[in-house]
Protein chains: 2
Amino acid sequence: METIAENQRVKTAKKIEKMFGHIDYKNPPELCPVRDVMSVASDQWSTLIILWLGYFETLRFNKLKKYVYGISNKVLSQRLKVLEADGYISRKAFPEVPIRVEYALTEFGQSYVERLLELTEWMQQNSPKVLANREKYGIV
Amino acid sequence: METIAENQRVKTAKKIEKMFGHIDYKNPPELCPVRDVMSVASDQWSTLIILWLGYFETLRFNKLKKYVYGISNKVLSQRLKVLEADGYISRKAFPEVPIRVEYALTEFGQSYVERLLELTEWMQQNSPKVLANREKYGIV
DNA sequence: TCATATGGTTACTTTTTGTAACTTACTCTT
DNA sequence: AAGAGTAAGTTACAAAAAGTAACCATATGA
């Protein structure tokens with residue numbers, strides 16, 4: 001066995017224990033904060049929205065829709081609302097005509113995007129590997 | 001302006017540019033590998049499955065179901081298949097009676113869980129903040 | 001006057017999830 | 001010997017989420 005890899009595995013396990021170790025699986029809580037928060041922030045569209053707001057300091061609704069291509073008005077609007085409610089982004093409406101609305105990351109959102117980026121960079125580096133695995137597996 | 005925070009912001013923006021800068025938004029690709037890979041790996045149930053396999057070296061179907069509480073047989077079975085196809089986990093079936101099936105992280109999955117953990121630890125630390133924001137926002 | 005732009009909303013359809021019962025084959029209990 | 005239990009799923013059906021496309025008010029530019 002490679003002891004370095006094994007060491008890392010043990011470290012990882014300890015972190016996970018710290019995260020979920022308190023849960024009683026005979027009677028699990030109906031709402032776990034980690035799950036709850038994660039399901040909003042790491043939703044597919046949410047991550048793209050947050051990444052783009054990490055690139056541009058502010059973005060208006062239609063610009064955001066252009067960069068997060070494929071998203072519908074409806075879902076974009078919904079996601080922006082929950083991301084605002086959870087404190088990742090801010091919404092500023094200017095009473096002009098036509099109305100101008102600017103979305104931006106909050107400080108909290110900024111701290112999140114930095115963590116998120118580490119994951120997405122890993123995804124980018126490893127996507128060829130995943131795609132190759134998928135091919136090999138057959139069912140695509 | 002705080003120059004340290006501003007510096008960090010610029011760094012973040014550069015990373016995002018590197019990730020998405022090549023895309024032509026007048027004619028965006030219908031399938032972006034980063035999106036594609038991310039949508040499997042950072043799915044709500046998938047992350048929980050991967051975390052638990054990062055804790056126990058191997059887990060059988062029903063144990064996994066116990067820890068990833070709330071998941072249905074159907075969805076667990078589906079997720080395990082795609083996670084196997086994408087190369088994160090391995091499935092070993094022992095021809096006993098009744099059949100025994102062991103799931104485990106591959107080396108690749110192990111390297112993923114380490115990245116994933118950084119995110120989920122952040123989530124755990126910050127979930128009180130998010131929940132407080134949500135409360136303040138009103139619509140729960 | 002008609003088209004365009006803004007930031008959405010609404011009604012409707014399609015896809016994805018969740019629920020719960022069922023399967024196969026063997027063993028343990030009564 | 002009949003019935004229940006176990007393991008790892010599958011299947012048919014119901015509910016929830018997401019996607020589609022038309023629509024809204026208001027004002028400007030052609």
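In what follows, every chain begins at residue 1, and chains take the letters A, B, ... in the order their sequences are listed.
Qualifying side-chain hydrogen bond (donor to acceptor under 3.5 Å, both in side chains) partners for B:Glu84, counting only residues two or more places apart in sequence or in other chains: A:Tyr137. Judged as a side-chain hydrogen bond (donor to acceptor under 3.5 Å, both in side chains), and not counting sequence neighbours, the contacts of A:Tyr103 are A:Arg91. Scored by the side-chain hydrogen bond (donor to acceptor under 3.5 Å, both in side chains) test, B:Tyr67 finds no partners at all (sequence neighbours excluded). With sequence neighbours left out, the side-chain hydrogen bond (donor to acceptor under 3.5 Å, both in side chains) criterion links A:Glu96 to A:Arg100.
Between B:Trp45 and C:dT17 there is no side-chain polar atom (N or O) within less than 4.0 angstrom of OP1 or OP2.
Sorted by first then second residue, the side-chain hydrogen bond (donor to acceptor under 3.5 Å, both in side chains) pairs that include residues 21-43 of chain A, not counting sequence neighbours, are A:Asp36-B:Arg134, A:Asp43-A:Ser46, A:Asp43-A:Arg79. Residues in residues 56-73 of chain B take part in these salt bridge (charged side-chain N to carboxylate O under 4.0 Å, His left out) pairs, two or more places apart or across chains: A:Arg9-B:Glu57. Sorted by first and then second residue, the side-chain hydrogen bond (donor to acceptor under 3.5 Å, both in side chains) pairs with a member in residues 114-123 of chain B form an empty list; sequence neighbours excluded.
Only B:Ser72, B:Lys74, B:Val75, B:Arg79, listed by number, bring a heavy atom of residues 50-80 of chain B to less than 4.0 angstrom from any atom of DNA chain C.
Between the NZ atom of B:Lys81 and the P atom of C:dT17 there is a distance of 14 Å, rounded to whole Å. The distance between atom CZ of B:Arg100 and atom P of C:dT27, rounded to the nearest whole Å, is 16 Å. C:dG18 atom C1' lies 13 Å from atom CD of B:Gln44, rounded to whole Å.
Across all strands, A:Tyr103 comes closer than 4.0 Å only to sugar-phosphate atoms, never to a base (heavy-atom distances).
In this structure, the side chain of A:Tyr112 engages the main chain of A:Ala41 through a donor-acceptor pair within 3.5 Å.
You can see that DNA chain D meets the heavy atoms of chain B within a 4.0 Å-exclusive cut from D:dT6 to D:dA12, reading 5' to 3'.
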